[in-house]
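Heads up, the thing below is written out as structure tokens.
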Protein chains: 2
Amino acid sequence: MAAGRRASRPPRTSVWLEDGPASRRRTGAEQPDGLDRDRIVAASVRLLDADGLAKFSMRRLAAELGVTAMSVYWYVETKDDLLELALDAVLGEIALPGEAPDADWRDQLRQLAAEYRRMLVGHPWVSPMLGRYLNVGPRAMEFANAARRVVERAGLPGPLITGALAAVFQFVYGFGTVEANWNSRCRAAGVGSDEYFRQVFARVRGRDEYAASLDLMEQRGGDTVDEMRQRDFDTALECVIAGIEAMRGRAAGDAGAGPDGGSAAGGAP
Amino acid sequence: MAAGRRASRPPRTSVWLEDGPASRRRTGAEQPDGLDRDRIVAASVRLLDADGLAKFSMRRLAAELGVTAMSVYWYVETKDDLLELALDAVLGEIALPGEAPDADWRDQLRQLAAEYRRMLVGHPWVSPMLGRYLNVGPRAMEFANAARRVVERAGLPGPLITGALAAVFQFVYGFGTVEANWNSRCRAAGVGSDEYFRQVFARVRGRDEYAASLDLMEQRGGDTVDEMRQRDFDTALECVIAGIEAMRGRAAGDAGAGPDGGSAAGGAP
DNA sequence: ACCTGAACACCGTTCAAGT
DNA sequence: ACCTGAACACCGTTCAAGT
């Protein structure tokens, strides 16, 4: 992967955390038909969506842009930096809850979780990227801040908030990862989700190790793979929400407050 | 990645789901100094642990084994297959709960979650692999079956079990992924976890988008990064466990059963 | 300021040969 | 049955040069 690196670069924390004035490269669109970062990032997202992370290369991207491979390097330092830019770009697709002080935090959490999942499934290359980078781009921060605000409104004691955040959004990340991976496999095999399931099922049937898991799937309910997934996602999310309510109830019980409502952001002691 | 493929192979579901009698390649150790699958897989795990997924190549592996690159291809079909074998091998490091009918399912769940997390953090290359493969190897199935048995003992209605499983183990997957990624970055930067945090913190301080998240971290409690992480992990896990208990309580309330105990594996209605 | 071409140091994998 | 060598079709990136 890091091939041909003659003088090895020091590891960078993130494109977003360079020192110096923003970036030495131009960022805005000067000429209408010239290259610029936005155009490069947009083309990258297009290619990543179409062919996946494994097939994405600087040379293919350059070809897509009608340009030589090395031209792109005028605008981005490395392929890794470019991928980090593309990642933050698609994080912008997550619809964030507006300022609605009377809205139920549970509904906002459900909406935000659904949006996050939608984005992961829509761009199967995103999940591996999220696992590689620091995720401190502007869109990543907006998403993180929105998630934090929603969970804060549940009224948990301050020290529990980051844990509750992890319970919700790391779950969605894991769930979305599996889902996106599954869909990618179906696409590669050229069959639909249910047909792919049937094929795997057929290969697995009759082997003892798999018997118990297959039984379990039959209890799950729902006719199609998509329906089973949706049911599991909803169940799991309601499970975490119920857990947050239970933890808040315990804390409120200690403090003598009522079991519902919750007084916004819990400040530290 | 799939470079040099002259006649393109059909996409394989998994090494573990080949048709035909097991595998056409030899698997056992014939000669004491010859190659075999086990030795190759063990060397792969060693290299992956030492240098990471990005630096792992068939040529480097061959060098480690004192052999030519193409020798390995006698025992495995592709690099992807080899990685799938290595993945399942380390899944075997997860200690599974024994048959203890009187044990508390919560304790067993805590133990299994901690083991899964330990494995993910111990082998940072595992998380990306889990996101790429079907995970139907023998160790993967043993783990999945153990997880299922534990969650079944919580006494949830049948259709809720897979959702609860997802809530627990997809969370651990996401959490462990972030943690492993962070540790890899520290290693690459050549600094400890707390020093790396200090460095990122310094670069981020003063930028508005980051202010709220930094505030939040200060509420989290704990002195070191590791302590904060442990606290969040425990909080999140207790949150999900509380959620499972709440869901069971609701279901039991409907059915007229008591709030505790739970009668083992919930059969479907 | 922006883009190109050639080159370097790698990849995974095929194929024909060796033993 | 097992292993090698050479080759093919790719990579990311450097560097010197062009406009």
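If you're wondering where the values come from, they're calculated on a predicted model, not measured in any experiment. Proteins get letters first, then strands, A, B, ... in listed order; numbering begins at 1 in each.
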> According to the Watson-Crick and G-U wobble definition with distances under 3.5 Å, which dot-bracket string, read 5' to 3', encodes DNA chain C, using [ ] for crossing pairs and | for pairs with another strand?
Replying inline: ||.|||||...|||||.||
For [N], take OP1 and OP2 only and decide whether either is under 4.0 Å from a side-chain N or O of [X].
{"X": "B:Ser71", "N": "D:dT4", "answer": "yes"}
{"X": "B:Tyr75", "N": "D:dC3", "answer": "yes"}
{"X": "A:Thr68", "N": "C:dC3", "answer": "no"}
{"X": "A:Trp74", "N": "C:dC3", "answer": "no"}

> In this structure, which one of B:Val90, B:Asp88, B:Leu96 forms a side chain to side chain contact (heavy atoms under 4.5 Å, CB included) with B:Arg139?
Replying inline: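 Exactly one candidate clears the test, B:Asp88.
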>> Tell me whether the NZ or CZ atom of B:Arg117 lies within the 45° cone about the ring axis of B:Phe233 and under 6.0 Å from its centre.
In response: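 Yes - B:Arg117 lies over the ring of B:Phe233, closer than 6.0 Å to its centre and within 45° of its axis.
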Expressed as a whole number of angstroms, how long is the span from [X]:[atom1] to [N]:[atom2]?
{"X": "A:Ile40", "N": "C:dC2", "atom1": "CD1", "atom2": "P", "result": "11 Å"}
{"X": "B:Leu61", "N": "C:dC10", "atom1": "CG", "atom2": "P", "result": "17 Å"}
{"X": "A:Glu77", "N": "D:dT13", "atom1": "CD", "atom2": "P", "result": "10 Å"}
{"X": "B:Tyr73", "N": "C:dG12", "atom1": "OH", "atom2": "C1'", "result": "5 Å"}
{"X": "B:Arg60", "N": "C:dG12", "atom1": "CZ", "atom2": "P", "result": "10 Å"}
{"X": "A:Met70", "N": "C:dC3", "atom1": "CE", "atom2": "P", "result": "12 Å"}
{"X": "B:Lys55", "N": "C:dC10", "atom1": "NZ", "atom2": "P", "result": "12 Å"}
{"X": "B:Met58", "N": "D:dC10", "atom1": "CE", "atom2": "C1'", "result": "17 Å"}

> Would you call A:Asp36-A:Arg39 a salt bridge at under 4.0 Å N-O?
Replying inline: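 Between A:Arg39 and A:Asp36 there is a salt bridge, with a charged N closer than 4.0 Å to a carboxylate O.
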>> Between the side chains of B:Arg46 and B:Glu64, is the shortest nitrogen-to-carboxylate-oxygen separation below 4.0 Å, so that they form an ion pair?
In response: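 The answer is yes: the pair qualifies as a salt bridge.
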> Out of C:dC11, D:dC11, C:dC3, which nucleotide sits closest to the side chain of A:Leu35?
Replying inline: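 Selected nucleotide (nearest to the side chain): C:dC3.
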> For B:Arg12 and B:Asp80, what are the C-alpha separation, side-chain angles and deciding distance, and is it a salt bridge (Lys or Arg N to Asp or Glu O under 4.0 Å)?
Replying inline: CA-CA 10 Å; B:Arg12 156 130 73 196; B:Asp80 271 7; over 6 Å; no
What protein N or O atoms touch nucleotides 17-19 of chain C N or O atoms at under 3.5 angstrom, if any, and at what distances?
none

>> B:Phe143 vs B:Tyr116, test: ring pair (Phe, Tyr, Trp, His ring centres under 6.0 Å). Steps then yes/no.
In response: CA-CA 9 Å; B:Phe143 173 61; B:Tyr116 187 30; 4.8 Å; yes
> Is B:Arg60 reaching over with its side chain to a backbone N or O of B:Lys55, donor-acceptor style, under 3.5 angstrom?
Replying inline: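 Indeed, once roles are kept as given, a pair shorter than 3.5 Å links the two residues.
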>> Please check: side-chain N/O of A:Glu115 versus main-chain N/O of A:Ala95, any donor-acceptor pairing under 3.5 Å?
In response: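 Pair found, side chain donor or acceptor close to backbone of A:Ala95.
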> side-chain contact (heavy atoms from CB on, under 4.5 Å) between B:Arg205 and B:Tyr210: does it pass, once the steps are laid out?
Replying inline: CA-CA 7 Å; B:Arg205 150 167 303 168; B:Tyr210 301 105; over 6 Å; no
